[in-house]
Protein chains: 2
Amino acid sequence: MKKKITIKQLAAELGVSVSTVSKSLHDSPEISKETREKVQAFAKLYNYRPNNIALSLKNKKTKTIGVIIPEVVHHFFAMVVKGVEQVAMERGYNVVISLSNESFEKEVINMETFADSLIGGFIMSLSKETLKKQDYHHIHQTIEEGMPVVLFDRTVPEINCDKVIVNDEQGALLATKHLIDQGKKNILLITTEDYISVGRLRTQGYLKALQEANIPLNNGLIIKTEDTNRSDIILPLLENELRTALKQNPEIDGIFTVNEIYAAAAMRVIREFNLNIPNDISLVCFTDGVISKYATPPLSTVNQHGTQIGIEAANLLIDRLENKIEQPKPITKVVACEIVRRDST
Amino acid sequence: MKKKITIKQLAAELGVSVSTVSKSLHDSPEISKETREKVQAFAKLYNYRPNNIALSLKNKKTKTIGVIIPEVVHHFFAMVVKGVEQVAMERGYNVVISLSNESFEKEVINMETFADSLIGGFIMSLSKETLKKQDYHHIHQTIEEGMPVVLFDRTVPEINCDKVIVNDEQGALLATKHLIDQGKKNILLITTEDYISVGRLRTQGYLKALQEANIPLNNGLIIKTEDTNRSDIILPLLENELRTALKQNPEIDGIFTVNEIYAAAAMRVIREFNLNIPNDISLVCFTDGVISKYATPPLSTVNQHGTQIGIEAANLLIDRLENKIEQPKPITKVVACEIVRRDST
DNA sequence: TATTAACACTACAACGTTTTCGTGAACTTC
DNA sequence: GAAGTTCACGAAAACGTTGTAGTGTTAATA
């Protein structure tokens with residue numbers, strides 16, 4: 001077992017001082033060319049690589065960014081992680097991730113653990129529980145301690161920090177309009193309760209699209225579900241509501257859902273009713289994930305560009321860490337949504 | 001902005017030495033009760049939390065484990081990450097992740113970056129390119145340097161380290177048997193080329209099941225595809241092969257695929273042929289992910305228990321790091337697969 | 001020949017901890 | 001009253017690195 005070698009050991013081996021080795025490795029002109037080359041050759045030979053922990057301690061900063069997300073087995077969040085990792089890698093940073101599991105308490109603990117240690121800044125999306133509780137002390141404290149925080153997707157105006165958001169309202173507007181453009185007039189919306197900011201915004205987009213097209217609002221065509229992790233409990237309830245809605249409103253000719261899971265449930269019920277997608281009912285949903293892509297028929301979706309969000313967030317955070325942003329005030333970047341047309345519309 | 005306070009600052013504030021503060025915080029009996037309490041009160045007041053970097057440097061080890069996976073936007077790997085993160089959290093470790101994107105070069109670079117720094121050990125799954133190249137020098141070197149490595153899922157006998165694997169062969173055997181048990185006799189297999197170890201093992205399981213049931217092998221019923229990331233290119237090709245196979249072998253009454261994507265492609269083609277699932281053709285696939293769960297009909301699958309794999313791997317690695325394993329020889333843990341029965345069979 | 005400059009290198013402090021080894025002062029013990 | 005013991009605390013080294021401030025030797029200058 002070859003343990004890692006330190007500068008001190010190299011120095012001893014070469015019969016020079018530690019400083020000489022350090023300077024040689026940095027190609028300092030203070031050291032003669034011969035010595036430099038000799039040291040570098042030895043370093044290569046022994047496979048010397050600097051100890052980043054010592055460096056971090058010395059420089060009082062680490063090249064590590066912390067990502068706190070509610071869930072990783074989730075297409076959108078995984079995409080964001082992918083984007084973050086990509087730029088982190090390019091810019092020489094490490095990514096440490098931690099999952100809140102949609103729990104407020106875990107989010108707080110994770111944040112404290114990270115802040116205790118090796119993290120230079122955070123990229124995070126709030127857990128549902130945090131949004132519900134509206135308790136953001138842990139984030140305020142972290143910012144107070146001088147760590148930059150970039151919030152994405154699930155953000156909140158009370159927190160004064162950089163943000164990367166998708167234009168949820170516009171995405172929903174596009175999706176609804178897309179249905180209207182196909183001649184659909186009776187569009188059912190499946191969304192979440194309003195405390196989930198993205199659900200609320202998407203609902204707004206839907207309403208706006210109807211308004212712009214002068215389609216009167218029918219509240220019977222809006223289904224709001226409690227948004228928990230327990231899809232096994234929620235979905236049957238949702239499907240029932242949907243059945244009722246379809247029975248009471250046989251004129252429904254389009255459905256827009258705020259996520260893929262709801263769309264999958266809708267597909268199932270539509271099939272039950274022996275209706276055809278897209279002829280009888282067109283279907284669009286938010287999130288361009290695997291469910292939509294591999295469904296039969298493949299679903300038209302609103303692509304949120306998760307990877308792009310991750311990229312923007314990481315660049316924003318690293319720019320802050322490296323003081324590359326003159327602007328002291330928080331910046332909010334908006335990533336546009338885009339309709340992905342497939343066979344369901 | 002309240003910067004984090006250090007022991008030194010606390011000591012100055014209290015008019016005692018650094019040692020006294022450190023000992024007080026650790027409740028050393030060497031320090032008088034009064035002093036201890038005073039120090040602790042101050043520490044709480046100033047929200048003192050030890051600097052983990054300094055600790056790591058002192059102790060020459062970090063409480064961080066590195067996870068290197070080919071892809072995070074992937075149900076199985078995300079599940080594993082979730083499992084790893086869960087036990088890491090419980091046992092006081094951080095998780096830093098890095099994505100190889102199925103690239104050999106990125107895998108090597110990532111590993112070196114990690115090894116340079118804050119990582120105590122690795123949990124990883126090899127990239128497809130690495131498997132193809134059969135070049136494992138980076139892993140051998142890491143192990144040589146004394147860092148424990150736990151390989152999962154995509155492992156290789158040439159690397160002598162702890163492993164956590166799913167019983168791919170047994171899973172495939174179960175799946176094929178499951179079809180046979182439904183009275184199906186002409187079972188099509190969609191798999192990958194043999195250099196992907198899991199593909200090869202699953203093919204073996206399929207063959208074994210046929211053999212055990214005394215069903216003669218028909219090579220026309222095995223489709224092997226190149227397994228790349230470019231599903232947009234692969235899938236149409238695959239679907240074509242599948243159409244040909246179905247035309248040439250109209251007796252096909254069951255399909256087993258080694259992943260969900262292939263199953264989604266199969267569903268599409270089956271629908272094209274106006275065949276019913278499961279009456280005309282039953283369908284089972286590996287990977288119990290969202291596609292199977294939300295497909296219509298929901299697919300029967302082989303659950304690989306990704307989270308469980310992550311849990312086992314993390315416990316194994318941390319046990320090694322903490323010398324809780326007397327056994328110096330590598331350990332291989334096998335996580336059993338399980339058939340999830342749904343409506344496609 | 002004495003002063004200075006350039007060169008090539010070394011010593012040392014610092015980053016924040018922990019821990020071993022002192023060290024005075026008060027108190028026992030015979 | 002001398003010697004030992006306990007108590008409560010402090011000094012300093014160590015982890016690996018960097019950068020500032022020396023230091024000694026040789027060469028150039030006046």
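Just so we're on the same page: letters track the sequence lines, and every chain starts at 1. Small disclaimer: the values here were computed from a predicted structure and weren't measured. All values below were derived from every heavy atom in this structure, side-chain atoms included, with hydrogens, water molecules and symmetry-related copies excluded.
The side chain of B:Thr35 places an N or O atom within less than 4.0 Å of a non-bridging phosphate oxygen (OP1 or OP2) of D:dC9. Contact between the side-chain N/O atoms of B:Lys23 and the OP1/OP2 oxygens of D:dA8 is not found at any separation under 4.0 Å. Applying the 4.0 Å criterion to OP1 and OP2 of D:dT18, one finds that A:Ser22 has a side-chain N or O inside that range. For A:Lys60, a side-chain nitrogen or oxygen approaches OP1 or OP2 of C:dG16 to under 4.0 Å.
No option in A:Gln327, A:Lys333, A:Arg320 other than A:Arg320 meets the side chain to side chain donor-acceptor pair (under 3.5 Å) test with A:Asp162.
Taking the six-membered ring where the residue is Trp, A:His74 and A:Phe77 present tilted rings, their angle falling between 30° and 60°. Taking the six-membered ring where tryptophan is involved, the planes of A:Tyr46 and A:Phe42 are tilted, since the angle between them lies from 30° to 60°.
Looking at the side chain of A:Ile7, the nearest of the listed nucleotides D:dT17, C:dT17, C:dC9 is D:dT17. Distances were taken from every side-chain heavy atom of B:Thr6 (C-beta onward) to each of D:dG19, C:dG16, D:dG16; the shortest belongs to C:dG16. Here the side chain of A:Glu30 is nearest to one of D:dG22, C:dA11, D:dC15, namely D:dG22.
Within the 3.5 Å criterion, the main-chain N or O of A:Ser127 finds a donor-acceptor partner in the side chain of A:Glu107.
Within the 4.0 angstrom heavy-atom criterion, base atoms lie near A:Thr20.
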